[in-house]
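These notes are about the structure you will find just below.
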Amino acid sequence: MVVFAFSAVYLVPIFSFLFVFIFLKAIEKIVHKRSYHMELFWSCTLFALTMWSISVSITLR
């Protein structure tokens with residue numbers, strides 16, 4: 001339980017941020033180098049926040 005709580009608080013935001021970052025970088029390469037800087041920042045941040053809040057709320061049950 002402690003390992004899950006640790007990963008929910010500290011690792012889930014990092015992994016979810018990296019997931020969206022890599023995904024949008026792949027889309028950027030496919031769409032002929034069109035810039036996605038602000039979309040990249042906000043989508044990574046909001047997805048990481050969403051995954052973090054879900055994982056923390058599950059650990060608080």
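Atom set for the values below is all heavy atoms of this structure, side chains included, hydrogens, waters and symmetry mates excluded.
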Flag yes if [X] and [Y] sit in one hydrophobic cluster, no otherwise; membership is Ile, Leu, Val, Met, Phe, Trp, Tyr, and two members link when side-chain heavy atoms are under 4.5 Å apart.
| X | Y | answer |
| --- | --- | --- |
| Phe19 | Leu49 | no |
| Leu24 | Val31 | yes |
| Phe23 | Phe21 | yes |
| Trp52 | Phe47 | no |
| Tyr10 | Phe15 | yes |

Contact list for residues 10-28, test salt bridge (Lys or Arg N to Asp or Glu O under 4.0 Å), sequence neighbours left out: Lys25-Glu28
Taking all atoms of both residues into account, what is the closest heavy-atom pair of [X] and [Y], and its distance?
| X | Y | value |
| --- | --- | --- |
| Ser16 | Ala48 | OG-CA, 3.0 Å |
| Pro13 | Ala8 | CD-O, 4.0 Å |
| Leu40 | Val20 | CD1-O, 4.4 Å |

Any donor-acceptor pair under 3.5 Å from Thr45 side chain to Trp42 backbone: no
Hey, what do you get for [atom1] ([X]) to [atom2] ([Y]), rounding to the nearest 0.5 Å?
| X | Y | atom1 | atom2 | result |
| --- | --- | --- | --- | --- |
| Phe6 | Thr59 | CZ | OG1 | 13.0 Å |
| Glu39 | Ile27 | CD | CD1 | 11.0 Å |
| Ser53 | Ile58 | OG | CD1 | 9.5 Å |

For Phe41, ring pair (Phe, Tyr, Trp, His ring centres under 6.0 Å) partners two or more places apart: none
Side-chain cluster (under 4.5 Å, hydrophobic types only) that Ile14 belongs to, other residues: Leu18
